[in-house]
Amino acid sequence: MIAYILGRIASLFISLIVASLVIFMVVEVAPGDPAAFMLGVNAKPDTVAALRAELGLDVPKAERYLNWVTGMVQGDFGTSYTYRSPISKMVAERLWVSLPLAIYALILSTLIAFPAGIYAASRRGRIGDLGVMAATQLGVAVPNFWFAMILVLIFAINLGWVSAGGFPGWDKGFWACMAALTLPAIALALPQAAILARVMRSSLLDMLDEDFIRTARAKGLTEGQALWRHALKNALIPVLTILGLQFSFLLAGSIIIEQVFYLPGLGRLVFQAITQRDLITVESVVMLLVFAVIVVNFLVDLTYAVVDPRLRARH
Amino acid sequence: MTLLTIDNLSVTIHGTPVLEGISLTLAKGEILALTGESGSGKSMTALALMCLLPRGAQATGRITLDGTDLLTQTEAQLCTLRGRAMGMIFQEPMTALNPVKTIGDQVAETILIHEQTSRPEALTRAAEMLTRVGLPYDRFPLSRYPHELSGGQRQRVGLAMAVALRPKLLIADEPTTALDVTTQAQIIDLLEGLVDDFGMGLLMITHDLAVVSQMADRIAVMQKGRVVETGPTAPLLANPEHPYTRMLFTAARHHVTLPEAPPPQPLLQVTNAVRDYRTGTGIFGRKGHTRAVDHVSFTLHRGERLGLVGESGCGKSTLTRAILGLEELQSGSITFDGAPVFTGHRANLAVRRRMQVVFQDPYGSFNPRHRVDRLITEPFHLLEASPTGALREKAIADALTAVGLQPSDAAKFIHEFSGGQRQRIAIARALIIKPDLIVFDEPVSALDVSVRAQVLDLLADLCRQMPLTYLFISHDLTVVRGVTDRVMVMQAGKIVEDGPTATLFANPQHPYTRALIAAAPVLPDLAESLTDA
Amino acid sequence: MTRPWRSILIGGALAAVFVLSALISYVWTPFPIDGVDIPNKLRPPGATHWLGTDHYGRDILSMVIVGGRTSLAVAVVAVGIGMVIGVPLGLWAAARRGSWVDEVIMRGNDLIFAFPSLVIAILITGIFGAGAVNAIIAIGIFNIPVFARLTRGAALSLWSRDFVLAARVAGKSSLRISAEHILPNITSLLIVQGTIQFSLGILAEAGLSYVGLGAQPPTPSWGRMLADAQTMVALAPHMALIPGLAIVLTVMGLNLMGDGLRDLTDPRIRMQRT
């Protein structure tokens with residue numbers, strides 16, 4: 001058990017290091033000099049040189065990488081060139097929109113998908129199963145940003161229940177913010193819930209075909225009892241994997257959804273930075289998102305050990 | 001007193017009949033063996049009794065357990081009967097238990113489902129029952145998970161679950177088939193003891209006639225969904241009436257006679273072979289080694305038929321792979337006619353083209369996408385110049401004819417053949433380059449008893465026709481006894497005994513050999529009337 | 001007709017409609033898509049313009065048909081990249097299972113999986129410039145581990161089969177065994193996964209185009225049409241509905257086809273049927 005956790009921690013750090021190297025290198029091999037790139041084609045050479053010095057680009061690459069990484073570890077993400085303000089401060093503000101949105105969507109998606117998947121599996125081949133499967137078939141085919149536009153069209157424009165976008169800020173009260181995040185969260189959650197429900201169903205069905213379910217039935221358990229007491233916990237292992245991946249999709253998806261609803265989240269920050277050629281901001285925000293995803297996957301790995309005694313023993 | 005009456009039970013699956021007019025009775029304290037070859041419907045009968053038939057199955061007739069007609073019960077009523085009035089234990093101990101629940105919880109569940117009792121109380125009773133089936137509490141605490149137990153121990157847990165409430169009827173579906181012979185003997189003892197203690201009726205389903213003869217009070221023989229013969233064990237074994245039963249029993253007692261082996265002249269020499277496997281993975285995982293093959297030395301002579309016997313995990317597969325040049329040894333050497341099997345880190349092609357192999361699984365041994373001609377000519381790859389045109393055709397035809405198939409079978413796909421025919425094709429593949437040595441790795445273990453007899457006959461025939469040298473690997477003593485001149489017994493990576501087959505079986509020296517021979521159930525000899533017929 | 005075949009036919013027909021019309025659009029479209037016709041802008045669906053016109057008066061039916069070219073082409077090439085690189089990697093890892101080669105390939109896969117794909121796609125297109133080619137590369141990279149993992153897993157179970165052992169006894173090299181025995185036995189699996197990745201590729205391309213990082217104007221694409229529609233959604237909802245439906249129907253068609261193919265080839269399901 002301890003060996004397993006240590007192993008996962010080691011792999012967590014290796015992943016983070018490699019990920020930071022990859023991101024650093026992608027930005028490095030960007031066409032031309034970052035400073036020249038940021039300033040655009042018409043910049044004068046001395047302006048570029050000044051910016052290079054200001055951004056710390058005049059030191060060797062290895063040193064620059066180390067500076068970047070050590071800075072991030074201490075919470076210093078560098079200074080945005082366009083906004084002339086610390087990136088960490090901007091990120092912190094934006095994070096308070098993006099993170100609640102992703103978590104909100106994850107909760108919604110789980111709350112919808114688990115019952116739907118379990119219900120479909122328990123009604124295998126019957127009308128209820130076919131209904132859920134048809135709905136998920138539609139769900140996985142719908143692009144979330146388009147779904148978001150349809151929601152805006154119906155609930156904001158036609159019915160006028162909510163505003164079409166924007167974010168009041170947390171100082172305007174919790175419920176106002178939740179109201180602003182509800183449509184985006186639904187738009188993000190439903191397509192993901194469709195995937196999750198399908199995984200839940202097929203994983204449960206796989207388990208229901210296992211020998212130990214037959215054993216349980218021979219003991220006198222009803223079909224439902226066998227499903228809840230024996231199949232479900234075994235079926236959770238693949239579902240957890242997908243749940244971990246979903247967090248990554250939700251974070252990334254929120255970048256696009258924020259565009260639809262004009263939410264001041266990390267996504268908008270990234271796009272603004274890209275259009276304004278603010279490479280340092282792009283680099284740091286992307287690293288932050290990757291960090292979040294890697295950490296979530298690490299947590300998923302730890303929950304495996306809780307669910308599966310074989311894993312605890314093998315290591 | 002009759003406990004169970006099956007009256008004219010028929011089952012169809014999606015309209016296809018699988019059981020037709022089954023009628024059986026079972027008394028309290030009686031052991032009824034239901035036997036027959038694969039596909040005869042034995043397991044389907046068991047599932048019909050538990051009313052756990054697969055989807056799309058429809059049962060008709062009457063199944064009366066202690067006065068209750070099971071087929072007219074509602075699902076809810078059946079749930080109160082399963083586990084309480086009737087228990088069942090299955091074949092595969094590796095998958096029959098829930099991997100994420102402790103053995104204590106799984107045994108206690110049977111009690112909690114059926115009785116209003118507290119969890120601690122149920123766990124106490126589970127511990128008692130586990131102790132009764134040979135898993136004493138101090139060595140096997142309730143908190144163990146299935147993966148921490150061996151196959152035999154898991155089968156004991158399965159038994160404890162099935163009999164936790166002392167049901168009147170226990171159904172055992174091939175409970176020992178997946179187990180080693182010594183473990184099998186223990187489980188059979190345990191089953192017999194439980195039947196005596198609890199006064200249960202036991203329906204024992206098994207394909208193994210030796211097991212049947214050893215433990216059953218009465219036997220029912222099934223063929224193609226019907227019961228063809230029923231009767232008390234001893235008379236039925238001595239004097240079967242139905243032609244199918246006769247065929248089955250004759251096949252099970254079948255002995256082949258091998259021609260004399262030529263004078264010894266070494267062909268394959270294994271000297272101090274050692275092969276370790278690393279166990280434990282991961283950066284921080286504990287590293288360990290298990291020694292699969294431990295200083296094994298032996299010589300196989302030209303024209304000799306050598307047997308290698310051992311239980312699962314004894315290292316016989318690893319040794320086989322090393323001989324075939326598929327896995328390198330850590331130390332020691334294997335030479336073939338003086339030449340090493342491995343040169344450097346690569347298999348020696350000159351040696352490899354003189355050896356061939358036949359595997360156990362007739363279904364997994366062939367690429368399903370190729371035709372028979374392509375399948376059996378695969379070893380030609382070993383030759384410097386593989387035959388083409390008419391020569392190739394002739395080689396294919398000869399090999400197929402030698403194993404009792406038609407040359408025209410060359411154009412067929414493998415799925416068009418039965419299990420026994422596939423093993424013939426596997427032998428044809430081995431023969432096609434006329435190797436000096438063939439390794440048979442459990443070649444008849446997956447076959448039904450009648451087909452098994454035919455394949456063993458084919459082996460003996462081939463020995464008469466050509467100078468065949470083989471190494472025959474099996475866990476089954478009876479099979480090895482018939483088709484070898486000399487036998488080696490392997491235990492925990494070591495060869496513990498090595499001697500002429502007749503001598504070794506008549507007078508085993510090593511305690512392990514003795515235990516193996518004692519544990520193997522033996523089918524009593526034929527009655528005079530049948531031998532004459 | 002069995003259920004898998006029904007899914008394959010319905011799904012295949014749906015997807016085929018879009019693929020065929022995209023192909024036809026190279027020689028003919030109902031209306032030219034590069035002309036601006038302001039007097040006819042924002043027409044709702046009607047007799048002349050069956051699916052209406054956009055804010056420049058362009059025919060939306062023609063736009064959808066032509067836009068399909070971009071979406072489908074990007075997705076096809078991205079799947080191709082994933083297969084051409086991923087499958088050999090998976091075969092190699094399986095052939096050298098347990099060795100450092102296997103370890104490196106699989107850890108590399110894990111790493112790519114750990115990246116949020118869309119974020120990296122945004123990073124790549126943001127830095128190297130928006131456009132169809134960079135979108136293809138960004139989506140294709142994330143297809144590589146999908147195919148590598150699938151191939152390795154399936155190949156591993158085949159490597160333990162006796163017929164592969166027989167080929168090894170016949171002295172065949174790993175490369176030859178992979179080509180002769182492993183690959184032919186996993187093609188159906190790869191085709192199924194291919195259709196799924198194809199539909200995911202269409203969704204990803206649409207997302208990138210929507211945020212302006214995919215195909216650049218004047219090349220029409222479904223995602224760009226949706227981006228254009230966003231500001232008009234109250235005025236002309238059909239501008240948003242129609243390209244979205246095109247995406248949904250294509251993706252659904254491909255998914256249905258993939259499900260049908262999987263049911264047809266999955267040995268476990270096949271066993272249940274017999």
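Bear in mind that the values here come from a model prediction, so they are computed numbers and not experimental data. Any value given below was found using the heavy atoms of this structure, including those in side chains, with hydrogens, waters and symmetry copies removed. Per chain, numbering begins at 1; letters A, B, ... match sequence-line order.
Within residues 210-229 of chain A, the residues that have a heavy atom under 4.5 Å from a heavy atom of chain B are A:D211, A:F212, A:R214, A:T215, A:R217, A:A218, A:K219, A:G220, A:L221, A:T222, A:E223, A:Q225, A:R229, listed by number. Chain A is approached within less than 4.5 Å, heavy atom to heavy atom, by B:T95, B:A96, B:L97, B:N98, B:P99, B:V100, B:K101 from residues 95-104 of chain B, ordered by number. Residues of residues 115-126 of chain B never come within less than 4.5 angstrom of chain A, heavy atom to heavy atom.
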Residues 79-91 of chain B side chain polar contacts: donor-acceptor under 3.5 Å, at least two apart:
| unit_1 | atom_1 | unit_2 | atom_2 | d |
| --- | --- | --- | --- | --- |
| B:T80 | OG1 | B:Q77 | O | 2.5 |
| B:R82 | NE | B:M50 | O | 2.8 |
| B:R82 | NH1 | B:E75 | OE2 | 3.2 |
| B:R82 | NH2 | B:C51 | O | 3.0 |
| B:R84 | NE | B:T80 | O | 3.0 |
| B:R84 | NH2 | B:T80 | O | 3.4 |

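Applying the 6.0 Å contact sphere to NZ of B:K168 captures no more than 12 heavy atoms from other residues, nucleotides or ligands. For B:R139, the CZ atom sits in a loose shell: 12 or fewer heavy atoms of surrounding residues, nucleotides or ligands are nearer than 6.0 Å. For A:Y65, the OH atom counts as densely surrounded, since its 6.0 Å shell holds more than 12 non-hydrogen atoms of other residues, nucleotides or ligands.
When B:I113, B:L78, B:L47, B:I171 are compared by the number of non-hydrogen pairs under 4.5 Å with chain A, B:I113 comes out ahead.
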